Q: 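One structure coming up, written as structure tokens, with questions to follow.
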Amino acid sequence: MELAERKFQEAIQADPQGLGGPDGGGSVFLAMLHEATGRFEKALDRLKEAVRSGESNRGSGYRLWHHHRLRGEIERSIALYDSMRTAGTKRPKFHRYNLGVRVCEYYSGLGKEKLVQRALSDMQSLHEAFAGTIPSYRAMTHTGLGSCLTAADSLDKARYHLGAADSIAKETRRLSMREQYRIDYFRGRLYQAAGQLGKAVESYRKHLRGIGSLAIRGRPPRLQLALSQQNLGEEEKARKAYQAALRIRPAHPRLNYHYGRFLAGQGKAEEAREHLSRALNGWAPADTSFVPKQRAQVLIDSLDAKRS
């Protein structure tokens with residue numbers, strides 16, 4: 001990751017008007033590499049620079065929103081989401097879809113049910129707006145609804161919509177839809193929520209096979225794969241899945257938190273403490289009410305107490 005970061009910086013400097021310009025997206029991609037290696041303040045500076053210079057078409061607003069949520073700054077991230085939701089855009093329907101899917105994934109389990117319900121309502125409106133249009137758009141909104149319904153614990157309805165998206169992908173023989181809209185990933189989340197962990201593992205593996213070398217997108221499914229395998233008692237497989245995810249995002253707070261808990265459960269106190277410390281470093285600016293940070297601190301304190 002550090003080598004990739006250095007090479008990308010060199011590429012931006014060599015092409016300041018292209019990759020380094022407003023339409024190049026260089027600052028956004030470099031910020032992602034900074035985040036992956038734990039240079040969170042550098043990442044934030046890059047993202048603010050990207051927003052100021054007009055790289056919004058390359059996702060700078062989304063990435064800044066993601067950055068605050070990543071670091072446990074939930075209220076700040078929600079405020080940014082509210083401003084993005086009402087902002088003008090050239091493709092408002094797709095903008096609303098991207099926001100909705102991310103809200104349902106980001107805030108599920110954080111006590112933000114009203115936010116998830118609002119995103120679900122947006123997704124239902126989009127589904128109605130795209131009814132009768134081309135198959136790709138219909139598959140997109142079916143998948144979005146499936147994601148948000150899973151987050152809202154309406155699992156039967158989620159199963160229907162994800163099945164509909166899958167059927168469209170098969171009928172049109174455009175299997176790239178599966179990766180583009182992450183159908184198998186969201187089906188894995190559905191199975192996970194329903195306690196069908198074996199099927200969840202199968203879906204996450206199918207998704208990972210589909211995205212292939214797109215490593216930066218492989219952290220979420222690998223984390224969920226590891227959690228599912230861990231809950232199935234497949235500890236060695238879970239360990240490998242955690243480590244594969246960490247190779248992609250070694251400083252990711254939530255990933256380090258879950259791996260730290262996993263290691264603590266195996267009695268590997270020192271390794272667990274290292275990863276929990278990385279999680280707390282990433283969550284340094286988190287809201288005081290952010291529960292994962294509180295739990296990480298409690299676990300570190302218990303490990304310290306046993307060591308002393």
Side-chain angles (χ1 to χ4, degrees), residues 1-2 32 34-45 65-80 105-113 115-116 151 153 189 192-193 195 197 200 219-308:
M1 278 294 181
E2 291 182 6
M32 293 170 68
H34 286 326
E35 285 180 350
T37 53
R39 294 170 171 83
F40 295 109
E41 295 306 320
K42 282 188 175 182
L44 182 58
D45 289 343
W65 173 34
H66 172 271
H67 178 87
H68 290 306
R69 198 276 313 177
L70 173 75
R71 304 208 69 192
E73 298 173 288
I74 302 304
E75 297 308 318
R76 179 176 290 185
S77 72
I78 291 174
L80 188 54
E105 188 171 7
Y106 290 172
Y107 300 108
S108 176
L110 290 177
K112 302 299 179 182
E113 289 80 7
L115 197 64
V116 171
D153 202 32
R189 295 301 298 264
Q192 205 171 354
L197 299 179
R219 195 277 310 163
R222 284 189 172 89
L223 172 56
Q224 299 305 326
L225 173 63
L227 289 169
S228 297
Q229 291 172 325
Q230 181 180 342
N231 288 328
L232 282 169
E234 299 175 349
E235 294 188 351
E236 182 58 23
K237 291 180 179 178
R239 182 183 64 80
K240 290 180 179 179
Y242 276 124
Q243 291 178 345
L246 282 164
R247 283 194 291 273
I248 300 168
R249 302 292 296 274
H252 194 281
R254 191 157 63 96
L255 176 55
N256 277 285
Y257 166 65
H258 284 294
Y259 190 44
R261 289 186 63 189
F262 172 76
L263 291 168
Q266 292 193 318
K268 298 178 180 179
E270 290 305 313
E271 290 181 66
R273 196 182 192 290
E274 177 185 346
H275 287 281
L276 290 167
S277 295
R278 289 183 193 174
L280 287 174
N281 179 62
W283 287 331
D287 301 343
T288 55
S289 59
F290 188 59
V291 174
K293 180 180 180 180
Q294 296 171 2
R295 290 176 176 169
Q297 188 62 62
V298 167
L299 186 50
I300 278 192
D301 291 343
S302 70
L303 292 172
D304 287 346
K306 290 177 182 177
R307 185 168 61 178
S308 59

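Small disclaimer: the values here were computed from a predicted structure and weren't measured.
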Q: For R261, does the CZ atom sit with more than 12 other heavy atoms under 6.0 Å from it, leaving out its own atoms?
A: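 At most 12 heavy atoms, drawn from other residues, nucleotides or ligands, come within 6.0 Å of this atom.
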Q: Strictly by ring pair (Phe, Tyr, Trp, His ring centres under 6.0 Å), give each pair with a member in residues 288-307 just once, sequence neighbours left out.
A: W283-F290
Q: Who are the salt bridge (Lys or Arg N to Asp or Glu O under 4.0 Å) partners of R278, not counting sequence neighbours?
A: E274
Q: Who passes salt bridge (Lys or Arg N to Asp or Glu O under 4.0 Å) against K293, sequence neighbours left out?
A: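 Partners of K293 by the salt bridge (Lys or Arg N to Asp or Glu O under 4.0 Å) criterion come out as none, since no residue qualifies.
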Q: Please enumerate all residues that pass side chain to side chain donor-acceptor pair (under 3.5 Å) together with E105, with sequence neighbours excluded.
A: R182, Y185
Q: Are the charged groups of R69 and E75 less than 4.0 angstrom apart, N to O?
A: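 Salt bridge: no.
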Q: Restricting to ring pair (Phe, Tyr, Trp, His ring centres under 6.0 Å), what partner residues turn up for H68, sequence neighbours left out?
A: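 With neighbours one apart ignored, the set is empty.
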Q: Partners of R76 by salt bridge (Lys or Arg N to Asp or Glu O under 4.0 Å), sequence neighbours excluded?
A: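 Result, salt bridge (Lys or Arg N to Asp or Glu O under 4.0 Å) vs R76: E73.
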Q: Can you sort out the partners of E271 under salt bridge (Lys or Arg N to Asp or Glu O under 4.0 Å), two or more places apart, ordered by chain and number?
A: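 So E271 forms no salt bridge (Lys or Arg N to Asp or Glu O under 4.0 Å) with any residue.
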Q: Can you list the residues that meet the side-chain contact (heavy atoms from CB on, under 4.5 Å) rule with S277, with sequence neighbours excluded?
A: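 Counting only residues at least two positions away or on another chain, S277 forms a side-chain contact (heavy atoms from CB on, under 4.5 Å) with R273, I300.
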Q: Mind checking what makes side chain to side chain donor-acceptor pair (under 3.5 Å) contact with Y106, not counting sequence neighbours?
A: none
Q: Once side-chain contact (heavy atoms from CB on, under 4.5 Å) is applied, do any residues pair with A241, and if so which ones, sequence neighbours excluded?
A: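 Once residues adjacent in sequence are excluded, the partners of A241 under the side-chain contact (heavy atoms from CB on, under 4.5 Å) criterion are L225, A226, Q229.
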Q: For H258, what residues pass the ring pair (Phe, Tyr, Trp, His ring centres under 6.0 Å) criterion, not counting sequence neighbours?
A: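 None.
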Q: Can you name the side-chain contact (heavy atoms from CB on, under 4.5 Å) partners of E236, sequence neighbours left out?
A: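 R239, K240.
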